[in-house]
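Letters A, B, ... mirror the listed sequences (proteins, then strands); counts begin at 1.
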Number of protein chains: 2
Amino acid sequence: MSPSAPPNPPRPAPKLRQVAAEAGVHFSTVSRALNPATRHLVAAPVAERVQAVAARLGYRVDAAASALRSGRSRLVGALVPGIANPVFAPILAGAAAALTEADHALLVADPGDDPARAAAFVAELASRRVDGMLLATAAREHDPAVAACLQRSLPVVLINRACARGTAVVPAVVPDDVAGMRLIVAHLSGLGHRRIGHLAGPATLSTGLLRRQGFEQAMAECGLHADGDAPIEVAEAFDRPAGRLAADRLLARPDRPTALACANDLLALGAYDACYAAGLRIPEDISVSGHNDMPLVDMITPGLTTVRIPHDAMGRQAAALLLETIRRGASSGITVLPPTLVVRGSTAPPGRRGASHERL
Amino acid sequence: MSPSAPPNPPRPAPKLRQVAAEAGVHFSTVSRALNPATRHLVAAPVAERVQAVAARLGYRVDAAASALRSGRSRLVGALVPGIANPVFAPILAGAAAALTEADHALLVADPGDDPARAAAFVAELASRRVDGMLLATAAREHDPAVAACLQRSLPVVLINRACARGTAVVPAVVPDDVAGMRLIVAHLSGLGHRRIGHLAGPATLSTGLLRRQGFEQAMAECGLHADGDAPIEVAEAFDRPAGRLAADRLLARPDRPTALACANDLLALGAYDACYAAGLRIPEDISVSGHNDMPLVDMITPGLTTVRIPHDAMGRQAAALLLETIRRGASSGITVLPPTLVVRGSTAPPGRRGASHERL
DNA sequence: AACGTTCCTGCAAACGTTTGTAGGATCGTT
DNA sequence: AACGATCCTACAAACGTTTGCAGGAACGTT
């Protein structure tokens, strides 16, 4: 019948009016029959007939027209600092999955670490009529992107970062950072470590601040004091080079710690670099721990002891929370997800002091 | 003046008519003045006045209305099997960056490895009026998602996978898999290896097939024969467990190879597992190489010798190619990106045969 | 001075849907 | 049998933009 070339010169997608003509009803009736929320307004047999015709023709509502008329786009914007970042990628994946189930789609934008750029993206996405925003970029306070959403009264959910906005709390899904650090400190303390250093992240990010607070609190609970037992160095950023630098400083201290609790897996990788450069073996000479349990950190040598954060679940929950906010109009509070300890080869009881020097 | 609560009850965004009223012109003139493509139709002083007013009011064109009327949405859909996959995440990041520069936005969907689901997503995204599609999920041939795009005459660019569609070639951006395997084989051969095994990926994926072909070709070029010198095992999937299984089979062969060239870093990780389980040291007893240079494969022990593929650049180029196709209407051919060899600790000259047995 | 161009601007018609309103059946009640 | 209530369907008006078309002003040419 037809040659091997694509047979049909791609017919334009069927419209509401064509389904209506085929089913012998007015096109507004078709609209109602196909929309679950208005289906009850049309007689059952008619609705069924319409649905059958629509299915046969392969009708799909035109999103642009629908968005224009109804004001709802079934689109959600997401801002992440680094799409390929091993922390944020699973968050995106989880959010995308949850949104798909709810017939929404995900519009991703990557402003990096630039808050002004993030705010610009909010404006852009708002003009695309997104129904809500997922922000994984928010700084601890006075974030322009958050402000941009609030000003447009765009529903917004923060991910991985908390953010106080005046007295009102912006809904968020965050890991329990304090509990996470408590797990790590308890683990190290249980192994016998007493001098435990902390590689903190930037204090401008809630994860940086909260994990540091969690560390100090947990140390106090173990009877260790922030003064002598718990030296702290703050990294400039949550990445490997910054971790290396901060760890170098920590290792150079006169009372070098026997364990390093890092605020982040990437910082821990930097700490590996620093330790190896200093001729220290992990975990024989010094224990190192991370935070996040990024993909593949089980593959490095030695495997990194860390705190697992369910990033995928965070994405899912944030999407669910946002959809809820969009529907209800109200914003629920902050969801805190419990972390779990993952022990691998990078932590061990402290060795005899000075052993590493004898090696050299 | 105003309390700490958000001062302005969020005024609706300004429309074309409001800008027009403020500037004292008809709103169609505003539309023309703000659109670079039609700006030349309006007198220069008027255009400037309009632009000033628009900027002052913070006007942004409503994407839904624009898409409805013009048929162009400035939206591009992307299908990837696994958003968080270390290979595809950088691709997405690159594509998003390139699209953003061209004032387009990225709509991501993750059908996993299910081709039917991918085709369904194409339909969904088409109804959202995306201007084109980026497919990183395509199988080697007869991919339903590709067919769905072609049938709707949606511009499409394949990423990381090539795909012949009848006689016509679907535009794609792919790594030079043959050249990559040639780099590896030349490296191993240069080290003195003669019996080199290949852990191939599924032949249904172009990367699986092409890298195998590249391997066989490169071996022949080095004077090694596919029969005796180059045993091949095909893994069920591109993941670590499948790599372990296939490597087990390869190691069990009577003439066990002294080097393993894997089609993928994940397969190589599986090969590590298999080698360690067999009591073989890497690289003393056996060399292992990967493909892709995923993040963190430099941190495992020993560091993985592999072929670096510029995934970020692939995403960028694919987006650029797609935008070009959208504008011109025509589809350019296939872009092939050159790989580079990254030598780390997992490859070395072959040791004396049997050394590993004496160890046990 | 009349006429043909060129240049600009206003007018109005789409694009395809959702949704308020009105009117015609149908039914049950008195 | 007449009336009100209920149920369903059709009609029409948006939503905000892009774009073909027409008309008027300004200009240069014969």
Side-chain angles (χ1 to χ4, degrees), chain A residues 11-51 53-54 57-75 103 124 126-131, chain B residues 11-51 53-54 57-75 103 124 126-131:
Chain A
R11 257 192 331 237
K15 310 301 175 198
L16 220 38
R17 335 186 76 100
Q18 316 189 23
V19 178
E22 199 99 351
V25 294
H26 192 261
F27 74 94
S28 68
T29 303
V30 175
S31 173
R32 279 188 255 262
L34 296 183
N35 188 333
T38 53
R39 186 164 310 159
H40 65 101
L41 293 174
V42 22
V46 177
E48 285 171 24
R49 177 158 42 99
V50 168
Q51 289 177 288
V53 173
L57 298 187
Y59 170 81
R60 306 208 56 148
V61 3
D62 182 302
S66 176
L68 175 58
R69 166 65 221 225
S70 71
R72 282 159 278 137
S73 63
R74 287 158 41 235
L75 230 44
D103 196 29
E124 158 70 10
S127 84
R128 285 189 184 273
R129 288 179 170 252
V130 293
D131 293 336
Chain B
R11 255 192 333 236
K15 310 299 175 202
L16 220 39
R17 334 188 76 102
Q18 315 189 24
V19 179
E22 200 100 351
V25 293
H26 192 262
F27 73 96
S28 67
T29 303
V30 176
S31 173
R32 280 188 258 262
L34 296 183
N35 188 334
T38 54
R39 185 165 310 155
H40 65 102
L41 294 174
V42 21
V46 177
E48 286 171 24
R49 178 158 41 98
V50 167
Q51 289 177 289
V53 174
L57 297 187
Y59 170 80
R60 308 208 55 148
V61 5
D62 182 305
S66 177
L68 175 58
R69 167 63 223 224
S70 71
R72 282 158 279 138
S73 63
R74 289 158 40 237
L75 231 43
D103 195 31
E124 158 71 12
S127 83
R128 287 190 183 272
R129 287 177 172 254
V130 292
D131 293 337

Quick one: does any side-chain atom of A/D131 pair with a main-chain N or O of A/R74 as donor and acceptor, under 3.5 Å? yes

Tell me: [atom1] of [X] to [atom2] of [N], nearest whole Å?
{"X": "A/H40", "N": "D/dC7", "atom1": "NE2", "atom2": "P", "answer": "11 Å"}
{"X": "A/R129", "N": "D/dG16", "atom1": "CZ", "atom2": "P", "answer": "6 Å"}
{"X": "B/R32", "N": "C/dC7", "atom1": "CZ", "atom2": "P", "answer": "15 Å"}
{"X": "B/L68", "N": "C/dA14", "atom1": "CG", "atom2": "P", "answer": "13 Å"}
{"X": "B/L41", "N": "C/dC7", "atom1": "CG", "atom2": "C1'", "answer": "10 Å"}
{"X": "B/R74", "N": "D/dT17", "atom1": "CZ", "atom2": "P", "answer": "12 Å"}
{"X": "A/L34", "N": "C/dT18", "atom1": "CG", "atom2": "C1'", "answer": "12 Å"}

Closest contact, heavy atoms only, [X] versus [Y]:
{"X": "B/Y59", "Y": "B/P14", "value": "CD1-O, 3.2 Å"}
{"X": "A/V50", "Y": "A/A33", "value": "CG1-CB, 3.8 Å"}
{"X": "A/R129", "Y": "B/A64", "value": "CD-CB, 3.7 Å"}
{"X": "A/L75", "Y": "A/R128", "value": "CD2-O, 4.2 Å"}
{"X": "B/S66", "Y": "B/S70", "value": "O-OG, 2.7 Å"}

Would you indicate what A/S31 reaches in the nucleic acid, counting non-hydrogen atoms under 4.0 angstrom: base, sugar-phosphate, or nothing?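 If one applies the 4.0 Å heavy-atom cut-off, A/S31 turns out to touch a base.
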
Check every strand shown and say whether B/S66 touches a base, only sugar-phosphate, or nothing at a heavy-atom separation below 4.0 Å. sugar-phosphate

Anything under 3.5 Å between a protein N or O and an N or O of nucleotides 23-28 of chain C, put it in a table, one pair a line.
none

For residues [X] and [Y], determine if any side-chain heavy atom of one lies less than 4.5 Å from a side-chain heavy atom of the other.
{"X": "B/R32", "Y": "B/H40", "result": "no"}
{"X": "A/L34", "Y": "A/V61", "result": "no"}
{"X": "A/S31", "Y": "A/L16", "result": "yes"}

Donor-acceptor pair under 3.5 Å, A/R128 side chain vs D/dG16 base: no

Name the residue closer to the 5' end of DNA chain C, choosing between B/A65 and B/S28 according to the nucleotide with the nearest heavy atom. B/S28

Contacts of B/A43 and B/S70 projected onto DNA chain C by closest heavy atom; the upstream (5') one is B/A43

Residues within residues 15-27 of chain B bordering DNA chain C, heavy-atom distance below 4.0 Å: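 Hits under 4.0 Å, by residue number: B/V25, B/H26.
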
So, is [X] close to the [N] phosphate, meaning a side-chain N or O under 4.0 Å from OP1 or OP2?
{"X": "A/R60", "N": "C/dG16", "value": "no"}
{"X": "A/Y59", "N": "C/dT17", "value": "yes"}
{"X": "A/R69", "N": "C/dG20", "value": "no"}
{"X": "B/T29", "N": "C/dT9", "value": "no"}

Which residue, B/N35 or B/D62, contacts DNA chain D at a nucleotide closer to its 5' end, judged by nearest heavy atom? B/D62

Start with the C-alpha distance between A/V25 and A/R49, add both sets of side-chain angles, then the distance that settles side-chain contact (heavy atoms from CB on, under 4.5 Å), and finish with yes or no. CA-CA 10 Å; A/V25 294; A/R49 177 158 42 99; 4.3 Å; yes

Taking the side chain of B/V46 as heavy atoms from C-beta outward, which of C/dC15, C/dT18, C/dT9 is closest to it? C/dT9

